[in-house]
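To keep things clear, I will list the structure first and then write my remarks on it.
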Amino acid sequence: EPDPISPLAARIEWKPFSKWVTQAAVFAMETGDEIDSQPIEETLPALAIAEIAWRDEGEEASGWKQRVLGIGAWTAPHGPTGAYLFGDAKLLTESPPSWQGLSAFFSLGGRTEDEESWKSSRTAGLTWEGLLPGRDEDLTSLALIADERPDRAELSWELLHRFPLGDHTWAQMEVQSQNAGSHIDATDDWKLGLRVGWDW
């Protein structure tokens, strides 16, 4: 929900049972950082997030058909509060022992600052690992995002493609079109993005 996140953060993850994962994090927020695309006007002491999820990685014989379902909540002192529900599941694989295939994901979220200010969001999409021939480790995703606020509704879609650059590095290209549905002068807002990451 919060974006972008300040680099100063503390996070802990705990697995009380084999298929359950809980995590909590605290982030330092600064003036100009955004929560739900809304810049905060003053420095908040911290932003706290807690999350619990049921996660089944599946088995090799069935093509690693993972399933994830979880809930989370976040809050900031004297600031906004929100909650969300999310899920992800592999629908099919290219071959039984392969991790490649089609997955579906969704999230439902809401936030409020006071009795008169609220926002809700819904996201759904598909991801295919190994969609392009010869690019077995690439990820291609298409998502549809619907946001509702008291003064307007917005509908956006996003297409992204991630590919490895090496054993631990990757690059991701993104294209997004945002339509501010209830604006008087509604126009599509196109955005292009490029991310580079390092996993270890």
Side-chain angles (χ1 to χ4, degrees), residues 1-13 21 23 25-30 32-39 47 49 51 53 55-58 60 63-70 72 74 84 86-95 97-109 121-147 154-180 187-200:
E1 292 282 349
D3 179 55
I5 287 296
S6 167
L8 182 59
R11 176 180 172 273
I12 185 171
E13 182 175 291
V21 179
Q23 59 177 318
V26 178
F27 302 92
M29 304 295 290
E30 299 178 353
D33 287 349
E34 297 181 355
I35 300 177
D36 284 346
S37 302
Q38 297 298 306
L47 178 77
I49 302 177
E51 187 176 287
R55 182 169 63 195
D56 182 6
E57 302 294 345
E60 183 178 3
W64 301 114
K65 290 186 178 180
Q66 86 282 351
R67 295 169 295 170
V68 180
L69 183 64
W74 55 272
Y84 54 94
F86 64 94
D88 186 301
K90 179 167 284 187
L91 304 179
L92 58 91
T93 56
E94 295 184 7
S95 59
S98 173
W99 63 88
Q100 302 172 40
L102 180 67
S103 300
F105 59 89
F106 79 93
S107 68
L108 304 173
S121 61
R122 300 179 299 277
T123 301
L126 299 171
T127 297
W128 193 296
E129 186 168 1
L131 176 64
L132 303 178
R135 304 292 304 180
D136 294 345
E137 297 183 6
D138 288 12
L139 289 173
T140 306
S141 293
L142 176 65
L144 187 66
I145 307 120
D147 292 328
E154 295 181 353
L155 184 65
S156 309
W157 63 264
E158 185 175 72
L159 176 67
L160 64 85
H161 184 81
R162 177 182 293 195
F163 54 92
L165 298 175
D167 292 338
H168 301 284
T169 57
W170 50 267
Q172 179 173 295
M173 299 177 295
E174 304 174 4
V175 180
Q176 185 185 80
S177 176
Q178 185 177 47
N179 182 8
T187 57
D188 286 340
D189 185 13
W190 289 87
K191 296 180 180 179
L192 301 177
L194 175 64
R195 302 185 186 185
V196 178
W198 177 38
D199 296 328
W200 70 93

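Only heavy atoms go into these numbers, but all of them, side chains included; no hydrogens, no water, no symmetry mates.
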Tell me if the [atom1] atom of [X] is crowded by more than 12 foreign heavy atoms within 6.0 Å.
X: D167; atom1: CG; result: no
X: E137; atom1: CD; result: no
X: I12; atom1: CD1; result: no

Please round to the nearest 0.5 Å and tell me the distance separating atom [atom1] of [X] and atom [atom2] of [Y].
X: R135; Y: Q100; atom1: CZ; atom2: CD; answer: 12.0 Å
X: D189; Y: E154; atom1: CG; atom2: CD; answer: 9.0 Å
X: Q178; Y: L155; atom1: CD; atom2: CG; answer: 9.5 Å
X: L132; Y: H161; atom1: CG; atom2: NE2; answer: 5.0 Å
X: R122; Y: F106; atom1: CZ; atom2: CZ; answer: 13.0 Å
X: F163; Y: L139; atom1: CZ; atom2: CG; answer: 12.0 Å

For [X] versus [Y], what's the shortest heavy-atom pair and its separation?
X: K90; Y: S103; value: CA-OG, 3.5 Å
X: L144; Y: S156; value: CD1-O, 3.3 Å
X: L194; Y: M173; value: CD1-CG, 4.0 Å
X: A104; Y: L126; value: CB-CD2, 3.9 Å
X: E129; Y: D136; value: CG-O, 3.8 Å
X: E13; Y: R55; value: OE2-NH2, 4.4 Å

With a 4.5 Å limit on heavy-atom distance, are the side chains of [X] and [Y] in contact?
X: R195; Y: W170; result: yes
X: Y84; Y: T123; result: no
X: F105; Y: V68; result: no
X: E158; Y: L160; result: yes
X: S121; Y: L108; result: no
X: E51; Y: W74; result: no

Problem - Intermediate values then yes/no, side-chain contact (heavy atoms from CB on, under 4.5 Å), L92 and W128 - result: CA-CA 10 Å; L92 58 91; W128 193 296; 3.9 Å; yes
Exercise for the section: For the pair Q176 and E174, evaluate side-chain hydrogen bond (donor to acceptor under 3.5 Å, both in side chains) and give the outcome as yes or no after the intermediate values. Expected result: CA-CA 7 Å; Q176 185 185 80; E174 304 174 4; over 6 Å; no
